[in-house]
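Here the structure is laid out as structure tokens; the discussion comes afterwards.
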Number of protein chains: 2
Amino acid sequence: MRRRPAELTSRKPRKQYHHGDLRRALVAEAARTIQARGVGHLTLPANGESLGVSRTALYRHFADKAALLAAVATEGFAQLRRDLVDAWEQHGGGREGFDAMGVAYVRFAVKGPSYYRVMFGGLVEADRADCGLQEQAASAFGVLVEAIVQQQKAGLVREDDPVQLARYIWAAVHGIAMLGIDGQLRDAEGGAEALIHFANERLRLGIATPPR
Amino acid sequence: MRRRPAELTSRKPRKQYHHGDLRRALVAEAARTIQARGVGHLTLPANGESLGVSRTALYRHFADKAALLAAVATEGFAQLRRDLVDAWEQHGGGREGFDAMGVAYVRFAVKGPSYYRVMFGGLVEADRADCGLQEQAASAFGVLVEAIVQQQKAGLVREDDPVQLARYIWAAVHGIAMLGIDGQLRDAEGGAEALIHFANERLRLGIATPPR
DNA sequence: ACCTGAACACCGTTCAAGT
DNA sequence: ACCTGAACACCGTTCAAGT
């Protein structure tokens, strides 16, 4: 078990109940802790108390701790989606936009490793119907599919099932992100960032329209 | 490596403490539990008691629970390495051998999702020096690099840094395995198995020697 | 409806003691 | 040297009770 030094969070204790949207506050606070100190440090007592609320208040809004994590993961997919769309649009789509999406994806993961792991680490069962986890994940994936379709229309990507192509690209980029987070790329110069650039070139060649 | 000299002594004390190699037995039992019921069900009391040993006996051999998991992960990498070598050799290397390695990799992960997650799930800090975790992981990765080098010699793969090429392939296959485990491929017909076959084709095109 | 506070079962870990 | 058994701090969860 970990030793905790002392009381390092000294927030103002509230006398009243938490008036507004406690559910949202709980998710935000949990996400903050996960980003800052890792999911291993997320504890229900601490999470509640830093909002001036008892540790059991959470059960009014979530079935259990896994449900809270699922909500955090859902928020993560929404944020990831935004990052991907931004990258795509700011680079004007096409080949450059697609490459930028890959880079943005890896950066999202590396920026908050533990947060990313909550989204993919098996802490949350994927078949959770509540809180729209699957919908948000599907929506983020949809950005990828759409980018593929547009590139197909522009003659940049071969005519093949765009969904399967998107899954393939997703897996590759996800793998780079995961290996980077795991420290498995510590011997690689430039780490995950360098590898995604290398990969973008190789991936492009694999999905480009064949020369005729 | 298998049999210990203690076996040779005629007087073996029964009814004593646990017989020979408790350390190995603890790792094997933990691996079994993880495979069967998931790492979330691995508990020190249960793990010890199913070997007829107290829950604290473990601390004579491991610093903490994370160290036990690291040992399980190390064992996992050794097994994965074996699977990869088998696939490569049984298909006679080359393009078919390489594709078979990818399939074997994904199958290894899908066969024991929780086991695979112990190897990559962030439960074990990657910079653990003990128990040869890094060495085994590097050894498994080395199989991939070697396969790339051989294909380069055979003119099948472009002349490029084989280690970076191997990282790229590793990431892609790892990503497919991870997405499969996460249930993110549940809408994909054929799941991870189908995706790795699809990916093998695309990956090959990306790393093949360019037409001149 | 929303939250508290005590209580429960359990877990990882420590440590003095046993053989 | 190797292991036990009691003990400790902590956590997730339940539930009767409060407002």
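Treat the numbers as computed from the prediction; the structure is a model and nothing was measured. Every chain is numbered from 1, with letters handed out A, B, ... down the list of sequences.
Taking side-chain N and O atoms only, Thr43(A) has a distance below 4.0 Å to OP1 or OP2 of dG12(D). Distances shorter than 4.0 Å separate some side-chain N or O of His61(B) from OP1 or OP2 on dC3(D).
Rounding to whole angstrom units, OH of residue Tyr59(B) and P of dC8(D) are separated by 17 Å. Rounded to whole angstrom, the span from the CG atom of Leu22(A) across to the P atom of dA1(C) amounts to 16 Å. Taking atom NZ of Lys65(B) as the reference point, atom P of dC11(C) lies 9 Å away to the nearest angstrom. In this structure, Leu58(A) places its CG atom 14 Å from P of dC2(C), rounding to the nearest Å. Spacing between atom CG of Leu44(A) and atom P of dC10(D) amounts to 16 Å, rounded to whole angstrom units. The separation between Arg60(A) atom CZ and dT19(D) atom P is 16 Å, rounded to whole Å. Here the P atom of nucleotide dC10(C) and the CD atom of Glu49(B) are 12 Å apart, to the nearest Å. Between the P atom of dA9(C) and the CG atom of Asp64(A) lies a distance of 20 Å, rounded to the nearest Å.
Relative ring orientation between His174(B) and Phe120(B) is described as tilted, the plane-to-plane angle lying within the 30° to 60° band. Classification of the Tyr115(B)-Phe108(B) ring pair by plane angle, with boundaries at 30° and 60°, yields tilted. Below 30°, between 30° and 60°, or above 60°: for Trp170(B) and Phe141(B) the angle between ring planes is between 30° and 60°, a tilted geometry.
Across dG12(C), dC3(C), dT14(D), the shortest atom-to-atom separation from the side chain of Val53(A) is found for dC3(C). Side-chain proximity of Thr56(A) to dC11(D), dC15(D), dA6(D): nearest is dC15(D).
Pair assignment for dA6(D): dT14(C), on the basis of Watson-Crick or G-U wobble contacts that are both within less than 3.5 Å. With a cut-off of 3.5 Å on both Watson-Crick or G-U wobble distances, the partner of dA1(C) is given as dT19(D).
Under the 4.0 Å criterion applied to side-chain N and carboxylate O atoms, Arg117(A) and Asp182(A) are assigned as salt-bridge partners.
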Which is it for Arg32(B) and Glu29(B) under the salt bridge (Lys or Arg N to Asp or Glu O under 4.0 Å) test, yes or no, and what are the steps along the way?
CA-CA 5 Å; Arg32(B) 220 172 298 135; Glu29(B) 178 64 23; 2.5 Å; yes
